[in-house]
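What you see below is based on every heavy atom in this structure, not just the backbone, and it leaves out hydrogens, waters and symmetry mates. Per chain, numbering begins at 1; letters A, B, ... match sequence-line order.
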Amino acid sequence: MSVKVRFAPSPTGYLHVGGLRTALYNYLFARHNGGKMVLRIEDTDRTRFVEHAQENLIKMLQWAGIEIDEGPGFGGDCGPYVQSERFDLYTKYANELLDAGKAYYAFDTAEELEEMRTRLQSGTKGDYRYDRKNMRNSLTLAADEVEKLIADGTPHVIRMLVPENENIIFHDLIRGEVKINSQEVDDQILIKSDGFPTYHLANVVDDHLMKITHVIRGEEWLPSTPKHCILYRAFGWEEPLFAHLPLLLNKDKTKLSKRQGSVAVEDFKLKYNRDAFVNFVALLGWNPSGDREIYDMNELIELFNLEKVNKAGAVFDTQKLDWYNFQYLQKLTPKEMASELADELKKREMPEMPEEYLEKVCVLVKERVNFIADIPDYAPYMLGDITEYEEKYLAKHWTKEKTPLMKELIARLENSPEFNYEPMHELTKAYCEEKEVKLKEVIHPLRLMITGKSIGAGMFETMEVLGREECSKRMKNFIEIYG
RNA sequence: GGCCCCAUAGACUAACGGUUAGGUCACCACCCUUUCACGGUGGCAGUAUGGGUUCGAAUCCCGUUGGGGUCACCA
């Protein structure tokens, strides 16, 4: 049987990085096995629906390079792929369970349930499960009474009838055998009083109908998997294979959440290189063995397997992500870098510059920044006039006494036949020998004049990019102020 | 609290009974050097704990401790 997996998010806002990783693993698994990737939108909670969330979800998946084979707007034989459009299906299957005596109606109000919980809580066990024997439902009420309540339009839900004292065993591809006694499983609501299904019902029905072979999802679903198993059994359907992925964690090891930093993929999209981000996320919880760190999408597909997915959660630490960004930044072409830099300039409302020039700037400083967007801060002097001279640097490397020495060097540099690295370097070295000073003695003052900062790329490379005219202007300007 | 899952350095991880426990990020030092980086070399730092099983355990089993997840008419 060919592999078919699904990513089934709720359209409740942005795409969470944890969700993206789940989607990525599903995708890698599907592609590795020549299978299909389904996108299903789980929008059964109408109160949490967010406009445009679906489009955003899809946009982010596509940005990450995750291709969808079946889903809303992607075609496929098992549609529709949006649960709110499958409404009738769930009612039909719920009724099937009702008829088979594997589900029942319940008429309890929110207050009654609340009461029930406080009552159970005060008991010895701390058991919050639905007390089916003492509540208002079709198990405790007479048949004609139930009929009447429904006919009167009394709000009601459908609950699944969990078998008593039965061991629910399922095999998880990552965790091995997991066993839970049905005593621990609640009589889960299948159909809410608004007629919509809950996640559990919709999920099981859809996974079955869509012929999903592997359910790969986050570990937070592990505790409710027995419910799903009970449903598969009640319907007499074959269960898919389950794989519960380790969670992505905050620094304090709790489930990754918004409170402790960005978790929206769109935020990362703004800052990070796509391939760097995917590479990083792929290796959070999975590793193909070996000492390599850099993998492109095709390699990830080729190497991915569920057996090597870890069991323990992984802290989402952006420090390493920054390093990945640096690695991928080095691989970009000058043109790609220049285009990013141009975008950044625009964002900062800085003057536009010729692409050719920006390319040179990027090549000059790329191994000194983790992000292209850092360049305007790292080397503002490449993108505009010098606004200040770093105080400490000035104090350390400049005194008025240096004026004659520097003036003559400036004159020679200005007249260098080629305003390039090599001749200027040679010229300056020769000058230092002649004057019997170390190269450092003149390079620091030069850097000060040209950049105003103590850090930066090689001096003559920097001057070459800036050009003869600009450098000449800056050197003269400096002498005028401090000479 | 009940149930479930998990446990290799600060972080990500390798090891699938036999290694001086390997790699990467971060941090530190040195080399390179024209400052800062890059690069190179080296360093810091780990099998939570107690028992078993075994000739031999990070690896298998049990207990303990610790952490997490989950217990909704949310997914």
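- Between A:Ser289 and B:rA15 there is a side-chain polar atom (N or O) within less than 4.0 angstrom of OP1 or OP2.
- A gap of 12 Å separates the P atoms of B:rC38 and B:rC28, to the nearest Å.
- In this structure, A:Lys227 reaches neither bases nor backbone, as no heavy-atom distance under 4.0 Å exists between it and the strands shown.
- Between A:Tyr199 and A:Trp221, the distance separating the two ring centers is shorter than 6.0 angstrom.
- Look at CD on A:Glu390: it is 15 Å from P on B:rU35, rounded to the nearest Å.
- Applying the Watson-Crick and G-U wobble criteria (two distances, each under 3.5 Å), B:rC30 pairs with B:rG40.
- The side chain of A:Arg447 approaches B:rU34 more closely than any other nucleotide in the set B:rC38, B:rG69, B:rU34.
- Across all strands shown, B:rG2 pairs with B:rU70; the Watson-Crick or G-U wobble distances both stay below 3.5 Å.
- Atom-to-atom, NZ of A:Lys253 to C1' of B:rC6 comes out at 11 Å; the value is rounded to the nearest Å.
- Across the C1' atoms, B:rG66 and B:rU47 are found 15 Å apart, a figure rounded to whole Å.
- A:Phe460 comes within 4.0 angstrom of a nucleotide base, judged by non-hydrogen atoms across all strands.
- Ring to ring, A:His228 and A:Tyr232 are not that close: their centroids are 6.0 angstrom or more apart.
- Nucleic acid contact class of A:Gly218 (heavy atoms, under 4.0 Å, all strands): none.
- Across the P atoms, B:rU70 and B:rU20 are found 43 Å apart, a figure rounded to whole Å.
- The same atom, C1', is picked in B:rC73 and in B:rC16; the two are 46 Å apart, to the nearest Å.
- Checked by distance alone, A:Arg368 brings no side-chain donor or acceptor within 3.5 Å of a matching partner on the base of B:rC38.
- Shown here, B:rG18 forms a base pair with B:rC55; the pair counts as Watson-Crick or G-U wobble because both key distances fall under 3.5 Å.
- Atom C1' of nucleotide B:rA11 and atom CG of A:Asp317 are separated by 5 Å, given to the nearest angstrom.
- Regarding A:Asp322, its CG atom lies at a distance of 18 Å from the P atom of B:rA11, rounded to whole Å.
- Put simply, CD on A:Gln260 is 15 Å from C1' on B:rA11, counting in whole angstrom units.
- Mapping A:Asp291 and A:Glu220 onto RNA chain B by nearest heavy atom places A:Asp291 at the nucleotide closer to the 5' end.
- Aromatic rings of A:Tyr482 and A:Trp398 (six-membered ring for Trp) have centroids beyond the 6.0 Å cut-off, not under it.
- When the C1' atom is compared between B:rC44 and B:rC25, the two are found 14 Å apart, to the nearest whole Å.
- Note on ring orientation: taking the six-membered ring where Trp is involved, the planes of A:Phe280 and A:Phe316 are perpendicular (angle over 60°, cut-offs 30° and 60°).
- Ring geometry for A:Phe196 against A:Phe87 counts as perpendicular: the plane angle is over 60°, on a 0 to 90° scale with 30° as the lower cut.
- A:Val369 comes within 4.0 angstrom of no nucleic acid atom, judged by non-hydrogen atoms across all strands.
- When the P atom is compared between B:rA29 and B:rC12, the two are found 26 Å apart, to the nearest whole Å.
- For the OP1/OP2 pair of B:rA14 and a distance below 4.0 Å, the side-chain nitrogens and oxygens of A:Asn310 include at least one atom meeting the criterion.
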Residue pair A:Glu414, A:Arg468: steps toward the salt bridge (Lys or Arg N to Asp or Glu O under 4.0 Å) verdict: CA-CA 7 Å; A:Glu414 282 176 322; A:Arg468 190 192 302 266; over 6 Å; no
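- Contact between the side-chain N/O atoms of A:Lys255 and the OP1/OP2 oxygens of B:rU70 is found at a separation under 4.0 Å.
- The residues A:Arg292 and A:Glu299 are annotated as salt-bridged, a charged nitrogen and a carboxylate oxygen being separated by less than 4.0 angstrom.
- Nucleotides B:rU54 and B:rU59 are separated by 13 Å at their C1' atoms, to the nearest Å.
- Between A:Lys308 and B:rA15, a side-chain N or O to OP1/OP2 separation shorter than 4.0 Å is present.
- Comment: A:Lys429 does not engage A:Glu433 in a salt bridge, judged by the lack of any side-chain N to carboxylate O separation of less than 4.0 angstrom.
- One atom, OH of A:Tyr421, and another, P of B:rU33, lie 11 Å apart when rounded to the nearest Å.
- Contacts of A:Glu42 with the nucleic acid, taken as non-hydrogen atoms under 4.0 Å apart, involve only primed sugar atoms and P, OP1 or OP2.
- Using the Watson-Crick or G-U wobble rule with both distances under 3.5 Å, B:rA7 pairs with B:rU65.
- Comparing B:rG18 with B:rA57, their C1' atoms are spaced 10 Å from each other, to the whole Å.
- Taking the six-membered ring where the residue is Trp, the centroids of A:Phe371 and A:Tyr272 are separated by under 6.0 Å.
- Between A:Leu222 and A:Ala8, it is A:Leu222 whose nearest contact on RNA chain B lies nearer the 5' terminus.
- When the nucleotides B:rU35, B:rU34, B:rC25 are ranked by their closest atom to the side chain of A:Trp323, B:rC25 comes out on top.
- Rounded to a whole Å, the CG atom of A:Leu190 is 15 Å from the C1' atom of B:rA75.
- Note on A:Tyr378: a base of the nucleic acid sits closer than 4.0 angstrom, heavy atoms only.
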Protein and nucleotides 72-74 of chain B: nitrogen or oxygen contacts under 3.5 angstrom:
{"residue": "B:rC73", "atom": "OP2", "partner": "A:Arg117", "partner atom": "NH2", "Å": "3.4"}
{"residue": "B:rC73", "atom": "O2", "partner": "A:Ser193", "partner atom": "N", "Å": "2.7"}
{"residue": "B:rC73", "atom": "O2", "partner": "A:Ser193", "partner atom": "OG", "Å": "2.6"}
{"residue": "B:rC73", "atom": "N3", "partner": "A:Ser193", "partner atom": "OG", "Å": "3.0"}
{"residue": "B:rC73", "atom": "N4", "partner": "A:Asp108", "partner atom": "O", "Å": "3.1"}
{"residue": "B:rC74", "atom": "OP2", "partner": "A:Lys192", "partner atom": "NZ", "Å": "3.2"}
{"residue": "B:rC74", "atom": "O2'", "partner": "A:Asp45", "partner atom": "OD2", "Å": "3.0"}
{"residue": "B:rC74", "atom": "O2'", "partner": "A:Arg48", "partner atom": "NE", "Å": "3.4"}
{"residue": "B:rC74", "atom": "O2'", "partner": "A:Arg48", "partner atom": "NH2", "Å": "3.4"}
{"residue": "B:rC74", "atom": "O2", "partner": "A:Arg48", "partner atom": "NH2", "Å": "3.4"}

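- Side chains of A:Leu139 and A:Leu161 form a contact here, defined as non-hydrogen atoms less than 4.5 Å apart.
- Between the side chain of A:Lys320 and the base of B:rU24 there is at least one donor-acceptor pair of N/O atoms closer than 3.5 Å.
- Taking every side-chain heavy atom of A:Lys311 into account, B:rA7 is the closest of B:rU35, B:rA37, B:rA7.
- Atom-to-atom, CD of A:Gln327 to C1' of B:rC38 comes out at 10 Å; the value is rounded to the nearest Å.
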